[in-house]
There are 2 protein chains.
Amino acid sequence: MKPRRPRVPAAEMPDSCRAVTEILNRIGDKWSINVVRHLGVRKMRFSELRRALDGVSQKMLTTTLRTLERDGFVTRTVHPTIPPRVDYELTRLGYDLLAPVAALGQWAHDNRSRVEEARAAFDRRAGGPVRKAGRRV
Amino acid sequence: MKPRRPRVPAAEMPDSCRAVTEILNRIGDKWSINVVRHLGVRKMRFSELRRALDGVSQKMLTTTLRTLERDGFVTRTVHPTIPPRVDYELTRLGYDLLAPVAALGQWAHDNRSRVEEARAAFDRRAGGPVRKAGRRV
DNA sequence: CGGGATCCCGACGGATACTG
DNA sequence: CAGTATCCGTCGGGATCCCG
């Protein structure tokens with residue numbers, strides 16, 4: 001259990017800022033996080049992942065997995081059988097990433113209702129949701 | 001409310017999955033995380049944030065702050081002075097979110113080089129970075 | 001100073017068809 | 001099964017102008 005720092009010193013922000021922005025641009029897309037989370041449970045093959053993710057297109061799953069592989073988060077193992085079989089598995093780096101990601105996931109799970117309530121309250125006050133914002137699911 | 005588990009069983013993934021996807025769609029945009037991180041240091045006014053974030057447009061900062069306000073992560077305080085002054089501050093929920101976010105930020109900062117090395121190694125093997133659908137740039 | 005209103009573009013990502 | 005190759009719509013988000 002890593003002691004999390006309660007406060008970020010202002011002086012360190014700029015540098016830390018870029019790192020966060022970078023990593024977020026990488027894993028902040030629509031599927032990466034959930035792929036990592038699923039592979040965190042066990043190694044899976046392509047079609048398993050596709051079914052598990054529910055809604056991902058084949059193209060995006062391929063792209064997502066390739067990029068995760070490129071960044072060193074997953075390994076791709078091809079079994080030259082018929083029919084072909086490809087396994088995806090988290091690397092050490094992938095498991096390291098899983099820790100903070102799982103924490104965020106746990107937070108999201110635990111605090112979902114608080115966000116929903118705040119949102120509903122705001123909409124009552126303001127008369128409607130904010131235009132132009134996060135992607136819808 | 002279920003007790004938290006270190007490992008998420010595969011059976012619970014779908015539910016947890018949606019929560020993560022939702023929260024990530026919300027804060028996974030280009031600026032939200034860094035706004036929260038900056039406000040985690042101290043309360044700031046609009047133009048302070050704008051300067052601190054380096055590169056954010058006025059429109060996106062406004063939109064980001066509105067949505068964060070809507071979701072209950074920040075408060076917006078207008079001082080009816082001349083010139084006007086608007087302060088943004090994290091709510092309790094915002095500080096709660098800051099914890100896992102800061103952990104992720106710390107991870108990003110600490111592991112930046114590992115990702116860069118993996119990426120460089122992959123590009124050497126494959127002959128170039130990934131483009132769409134696994135092609136090379 | 002802190003926005004709101006518009007215009008616009010490029011990417012992200014879905015649908016579909018084809019292949020080894 | 002596990003991809004590749006295309007086409008194409010959506011919208012995130014930057015630029016610009018205006019206003020109280």
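Here is how names work: the chains are called A, B, and so on, in the same order as the sequence lines, proteins then strands, and each is numbered from 1. For the numbers below, each heavy atom of this structure counts, side chains included, while hydrogens, waters and symmetry mates do not.
When the nucleotides C/dG2, C/dA5, C/dG13 are ranked by their closest atom to the side chain of B/Gln58, C/dA5 comes out on top. Counting only heavy atoms from C-beta on, A/Pro84 has its side chain closest to D/dA2 among C/dG2, C/dG4, D/dA2. Distance from the side chain of A/Arg66 is smallest to D/dT4 among D/dA2, C/dC1, D/dT4.
As rounded to whole Å, 18 Å separates atom P of D/dC11 from atom CG of A/Asp29. For the pair A/Leu65 CG and D/dC1 P, the interatomic distance rounds to 16 Å; values are reported in whole Å. For the pair B/Met60 CE and C/dC8 P, the computed distance is 19 Å after rounding to whole Å. Atom pair B/Asn25:CG and D/dT10:P shows a separation of 18 Å (rounding to whole Å applied). Distance, B/Glu69 CD to C/dG3 P: 10 Å, rounded to whole Å. The CD1 atom of A/Ile82 sits 13 Å away from the P atom of C/dG20 (whole-angstrom rounding). At whole-Å resolution of the value, CG in A/Leu61 and P in C/dC12 are 17 Å apart. Remark: C1' of C/dT6 and NZ of B/Lys59 are 9 Å apart, rounded to the nearest angstrom.
One finds no side-chain N or O of A/Arg51 lying less than 4.0 angstrom from the OP1 or OP2 phosphate oxygen of D/dA2. Remark: B/Arg76 is in phosphate contact with C/dG3, judged by side-chain N or O atoms under 4.0 Å from OP1 or OP2. Considering only side-chain N and O atoms, B/Arg85 lies nowhere under 4.0 angstrom from the phosphate OP1 or OP2 of C/dG2. Applying the 4.0 Å criterion to OP1 and OP2 of C/dC1, one finds that B/Arg50 has every side-chain N and O outside that range. In this structure, B/Ser57 does not reach the D/dA15 phosphate: none of its side-chain N or O atoms is under 4.0 Å from OP1 or OP2. Taking 4.0 angstrom as the limit, A/Thr81 places none of its side-chain polar atoms (N or O) nearer than this to OP1 or OP2 of D/dC1. In terms of phosphate contacts, A/Tyr88 brings a side-chain nitrogen or oxygen within less than 4.0 Å of OP1 or OP2 of D/dG3.
Within the 4.5 Å cutoff, the side chain of A/Leu97 has no heavy atoms near those of the B/Asn111 side chain.
If you check the side chains of A/Asn34 and B/Thr21, you find a donor sitting under 3.5 Å from an acceptor.
A salt bridge links A/Arg92 with A/Asp96; the closest basic N to acidic carboxylate O contact falls under 4.0 Å.
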_side-chain contact (heavy atoms from CB on, under 4.5 Å), that's the test. Do B/Leu68 and B/Arg26 meet it? Break it down for me._
CA-CA 9 Å; B/Leu68 288 174; B/Arg26 255 313 288 106; 3.6 Å; yes
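Checking side-chain atoms of A/Asp29 against main-chain N and O of A/Ser32 turns up a donor-acceptor pair under 3.5 Å.
Under 3.5 Å, the side chain of A/Lys30 and the base of C/dG13 form no donor-acceptor pair of N or O atoms.
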